[in-house]
Protein chains: 2
Amino acid sequence: MAAKRSGAQGKRPQRASVSLQSAEPPLSLERIVATAVDLLDAQGVDGLTMRRLADRLGSGAMSLYWHVDNKEEVFDLALDSVLAYRGPQQLVETQDWRGEVVHMLEDWRAIMLRHPWSASLLPRRALGPSILGRLELLSKTLSRAGVADADLNVALWSLWNYVMGATITRASFDVSDDDRAAAQQRLTRLSERYPTIERSRLLLDSDWDGAFRKGLGFLLDGVAPKQ
Amino acid sequence: MAAKRSGAQGKRPQRASVSLQSAEPPLSLERIVATAVDLLDAQGVDGLTMRRLADRLGSGAMSLYWHVDNKEEVFDLALDSVLAYRGPQQLVETQDWRGEVVHMLEDWRAIMLRHPWSASLLPRRALGPSILGRLELLSKTLSRAGVADADLNVALWSLWNYVMGATITRASFDVSDDDRAAAQQRLTRLSERYPTIERSRLLLDSDWDGAFRKGLGFLLDGVAPKQ
DNA sequence: ACCTGAACACCGTTCAAGT
DNA sequence: ACCTGAACACCGTTCAAGT
């Protein structure tokens with residue numbers, strides 16, 4: 001009936017038998033968050049359920065609520081844990097601000113694509129420390145590159161918008177690869193109505209990485225301080 | 001207990017009494033979709049429930065399933081109905097391709113902001129006729145402006161990404177206006193960690209429309225055919 | 001301090017049945 | 001052809017209770 005779980009144990013974790021090697025470590029915020037990320041990676045946003053999460057942790061469903069206020073908080077914490085920036089925290093003194101910015105944004109995008117649920121979650125929720133850290137670093141880099149204070153927010157939001165849009169789109173298209181082919185088929189059938197995008201095979205053109213870099217380049221041309 | 005419904009009738013629509021003026025028109029796809037849009041506008045994505053939708057339509061919950069396969073289809077139809085393009089379908093012959101593109105994209109964005117649930121829904125679902133029509137028109141305009149076929153997809157996806165990112169972000173920030181102020185407050189308290197974005201008051205800078213237009217300008221500079 | 005089960009008020013959807 | 005209620009297998013969360 002339910003989707004079969006190919007994994008280890010059955011429905012009821014065998015906690016009654018004490019001394020076997022199944023002794024689960026005690027619940028903790030860290031374990032909860034880490035397991036939530038695993039579950040999200042495996043099952044997507046809709047797959048994360050308080051009951052399922054508790055199951056994976058070998059605990060009762062309600063035990064979670066001692067560590068966490070509600071499901072929203074689980075999402076916030078999982079998101080922030082995934083977005084943590086593992087690059088150099090202070091800036092290396094470099095002349096190549098463009099290279100740095102591209103690197104930061106590609107890293108950000110790559111991480112979100114590795115956890116395809118994360119991108120679409122990010123805009124709806126409060127900005128956690130991880131993402132604020134990334135924005136701060138980006139902002140500092142642009143500022144040092146000579147972008148005027150008055151232009152900083154426009155630059156930052158433009159880049160943010162572009163990265164988020166690209167990543168959300170890419171992540172969803174990834175999920176529905178067949179759908180995409182089917183859509184292009186349907187499109188071909190309707191080629192009198194949509195001749196231009198049919199001809200360019202818009203829905204099948206899959207050099208996402210190249211397109212991302214190129215569009216980002218355009219944006220950086222505009223953002224660059226005019227000397 | 002439940003959120004109070006300030007509207008007209010109570011829980012059970014009075015369909016037993018026949019000849020009163022409450023005679024609901026029969027169910028139809030159009031009525032279902034239109035009511036779904038209303039409900040989404042009023043309550044957001046999570047507010048759309050098959051049961052609530054049926055309630056608004058004065059029908060039993062299961063009646064919907066004769067007209068519609070499942071809830072997903074309701075989302076698809078509501079989205080496509082909202083995104084319908086009401087501008088001139090064939091191109092006016094004009095020299096000002098930039099103006100046309102800006103107009104199309106601002107119209108697209110404005111419509112999504114008028115239905116704040118729509119933007120975040122769009123990337124996940126199959127592209128319906130409305131959005132394909134918009135892409136076709138945009139593509140045709142760029143093509144006529146002289147963008148080479150080989151560059152068309154990159155241009156289209158760059159613009160798409162930017163518009164989607166900007167609109168999704170804007171729509172979510174709109175919802176949580178207080179949260180945003182709270183976030184900026186929290187940020188001020190942490191100003192040693194995030195000095196740059198604190199100083200620029202990134203989270204409070206609300207000239208969204210101006211920022212959108214400016215970033216779009218950057219992108220169009222890059223997309224423009226080099227003569 | 002930490003964990004639990006029963007219970008409540010919801011969901012989407014199947015199915016067999018009504019007109 | 002169109003609509004319905006009962007029922008199933010789920011949800012998130014409250015609460016009173018256990019250790």
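Chain A is the first sequence line, chain B the second, and so forth, proteins listed ahead of strands; every chain is numbered from 1.
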For A/A171 and A/P116, which heavy atoms make the closest approach, and how far apart are they?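 What the structure gives for the nearest pair is CB-O, 3.9 Å.
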Quick check: closest heavy atoms across B/S158 and A/A211, and the distance to 0.1 Å?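 Result for this residue pair: OG-O, 4.3 Å.
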Judged by atom type as modelled, is there a donor-acceptor pair below 3.5 Å linking the side chain of A/N153 to the main-chain atoms of B/S200?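 Flag set: sc A/N153 to bb B/S200 pair under 3.5 Å.
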Between the main-chain N or O of B/L83 and the side-chain N or O of B/R134, is there a donor-acceptor pair closer than 3.5 Å?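 Side chain of B/R134 to backbone of B/L83: a pair is present.
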Roughly how many Å is it from [atom1] in [X] to [atom2] in [N], rounded to a whole number?
X	N	atom1	atom2	answer
B/E73	C/dG12	CD	P	15 Å
A/H67	C/dA1	NE2	P	13 Å
A/D46	C/dC11	CG	C1'	13 Å
A/L48	D/dG12	CG	P	8 Å
A/I32	C/dC2	CD1	P	11 Å
A/L29	C/dC2	CG	P	11 Å

Consider the side chain of A/T49, meaning its heavy atoms from C-beta on, and name the nucleotide among C/dG12, D/dG12, C/dC3 that approaches it most closely.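 Ranking C/dG12, D/dG12, C/dC3 by closest atom to the A/T49 side chain puts D/dG12 first.
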What's A/S63 touching, base or sugar-phosphate or nothing? Going by heavy atoms closer than 4.0 Å.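 Answer is base: heavy atoms of A/S63 come under 4.0 Å of a base.
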According to the interplanar angle, ranging from 0 to 90°, do the rings of A/W108 and A/W160 count as parallel (below 30°), tilted (30 to 60°) or perpendicular (above 60°)?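 Tilted.
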Establish, for the pair B/R170 and B/F212, whether the NZ or CZ atom is under 6.0 angstrom from the six-membered ring centre and no further than 45 degrees off its axis.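 Judged by the rule, B/R170 and B/F212 form no cation-pi pair.
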Expected rows: protein N/O vs nucleotides 13-15 of chain C N/O, under 3.5 Å:
from: C/dT13; atom 1: OP2; to: B/Y65; atom 2: OH; distance (Å): 2.7
from: C/dT13; atom 1: OP2; to: B/K71; atom 2: N; distance (Å): 3.0

Just name whichever nucleotide pairs with D/dG5, Watson-Crick or G-U, keeping both distances under 3.5 Å, else none.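 Looking at the geometry, D/dG5 pairs with C/dC15.
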